[in-house]
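Take a look at the structure below.
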Amino acid sequence: LLSADALFFTEERVTGAFVQLAATGLFLLAALTDAVDGMLARRLNAVTQVGAALDHAADKALTTATLAALIYVALPLHLVIAALIIVVRDVAVAGLREGLSLSGRPLPVSLFGKVKTVAEMIGIAAFLLLMTAIAMSGPPDLAALLSTAAGVTLWIAAAAAVLSGLQYALALRQPPKAPPATA
C-alpha cells in the first residue's frame with residue numbers, strides 16, 4: 001500500500017496501480033484463507049485453544065497493519081476515527097484476554113466480536129478495492145459504491161467494537177468459575 005501510494009503520484013502511476021491491485025489481492029486472499037481455515041477447523045472438529053489463539057492473533061495482525069497503512073495513506077478523517085476505535089478496542093481486548101488467560105479465565109469471542117471482524121474485513125477490502133478502482137481509473141459509479149460500502153462497514157465494525165468491548169468489560173466483573181469438584 002505504501003509503495004503504491006508513493007508511485008501513484010509519480011510518472012510510475014501505472015506501476016503504482018498494479019502494486020495497489022497486488023496489495024488488494026493479497027489482503028483478499030489472506031481474509032479468504034482466514035475464513036476457510038476457521039470453517040474447516042470447526043467442520044473437522046479440529047479446534048484447539050492454541051489454534052484459536054493463533055487465528056485471533058493473525059486476524060489482529062492482518063487488520064491492524066492494514067488499517068494503520070490505510071490511515072497513513074488514504075482514509076478520510078471520519079474513517080480514521082472508525083479505524084482508531086477498532087484498533088484501540090482490539091489492543092484493549094487483547095490485553096484483557098491475556099490477563100484473563102493468566103488467571104485461568106478464558107474470554108470467549110462474542111457475537112459482536114465476530115460481527116466486528118467480518119465487517120472490518122469487508123470494510124478494509126472495500127476500501128482497498130476503491131483505491132484500486134481509482135488507481136486504475138475505474139468507473140465513478142463503482143468508486144461511489146465502494147466508498148459507501150467501505151464507510152458503512154467500517155462504522156458497523158466500530159460500533160460492534162464498542163459493544164463487544166463493553167461485553168468483555170462486563171465479563172470481567174463476573175467471578176471466576178470454580179473448578180469442578182472431584183470425588
Side-chain angles (χ1 to χ4, degrees), residues 1-40 54-95 109-166:
L1 286 175
L2 301 178
S3 296
D5 185 59
L7 293 171
F8 189 73
F9 296 104
T10 69
E11 64 277 351
E12 298 294 325
R13 181 182 173 122
V14 172
T15 303
F18 282 104
V19 170
Q20 178 62 49
L21 180 63
T24 301
L26 188 61
F27 178 84
L28 292 171
L29 180 65
L32 179 65
T33 58
D34 175 59
V36 169
D37 171 60
M39 287 189 307
L40 283 176
L54 290 174
D55 181 64
H56 185 73
D59 286 349
K60 296 309 154 224
L62 173 65
T63 56
T64 301
T66 307
L67 283 174
L70 287 175
I71 287 169
Y72 180 75
V73 171
L75 283 181
L77 181 59
H78 74 283
L79 293 182
V80 167
I81 294 166
L84 289 174
I85 290 169
I86 293 166
V87 170
V88 166
R89 175 266 186 204
D90 284 350
V91 170
V93 169
V109 176
S110 74
L111 176 61
F112 284 124
K114 290 180 181 186
V115 167
K116 181 209 68 85
T117 299
V118 170
E120 180 180 14
M121 294 258 190
I122 292 170
I124 291 170
F127 199 85
L128 289 171
L129 288 169
L130 169 64
M131 290 175 62
T132 302
I134 291 168
M136 297 195 152
S137 302
D141 289 348
L142 176 62
L145 175 69
L146 290 169
S147 178
T148 300
V152 168
T153 53
L154 285 174
W155 275 109
I156 288 171
V162 169
L163 293 171
S164 65
L166 290 172

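Note that the coordinates shown come from a computational prediction; the quantities given were computed from them, not determined experimentally.
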Side chain to side chain contact (heavy atoms under 4.5 Å, CB included) with [X]: which residues, sequence neighbours excluded?
X: Leu142; answer: Ala133, Pro139, Leu146
X: Leu32; answer: Val36
X: Val88; answer: none
X: Ser147; answer: Leu130

(Q) Before you tell me yes or no, could you show the steps for Leu28 and Leu128 under side chain to side chain contact (heavy atoms under 4.5 Å, CB included), namely the whole-Å CA-CA distance, both residues' side-chain angles and the distance that decides it to 0.1 Å? (A) CA-CA 9 Å; Leu28 292 171; Leu128 289 171; over 6 Å; no
[atom1]-[atom2] distance between [X] and [Y], expressed to the nearest 0.5 angstrom:
X: Leu70; Y: Leu75; atom1: CG; atom2: CG; result: 5.0 Å
X: Phe112; Y: Thr117; atom1: CZ; atom2: OG1; result: 13.5 Å
X: Leu129; Y: Phe27; atom1: CG; atom2: CZ; result: 10.0 Å

Q | Ala157 versus Ile86, closest heavy-atom pair with distance | A |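 What the structure gives for the nearest pair is CB-CD1, 3.7 Å.
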Q) Do you know the tightest heavy-atom contact between Leu154 and Ala82? A) O-CB, 4.0 Å
Q. Between Ile81 and Trp155, does a side chain to side chain contact (heavy atoms under 4.5 Å, CB included) hold up when you go through it step by step?
A. CA-CA 9 Å; Ile81 294 166; Trp155 275 109; 3.8 Å; yes
(Q) Applying side chain to side chain contact (heavy atoms under 4.5 Å, CB included) to Ile134 and Gln20, what does each step give before you reach the verdict? (A) CA-CA 10 Å; Ile134 291 168; Gln20 178 62 49; over 6 Å; no
Q: Any salt bridge (charged side-chain N to carboxylate O under 4.0 Å, His left out) involving residues 115-125? Give me the pairs, sequence neighbours left out, ordered by first then second residue.
A: Asp90-Lys116, Lys116-Glu120
Q.
The criterion is side-chain hydrogen bond (donor to acceptor under 3.5 Å, both in side chains); which residues satisfy it with Ser164, sequence neighbours excluded?
A.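 Ser164 satisfies side-chain hydrogen bond (donor to acceptor under 3.5 Å, both in side chains) with Arg89 only.
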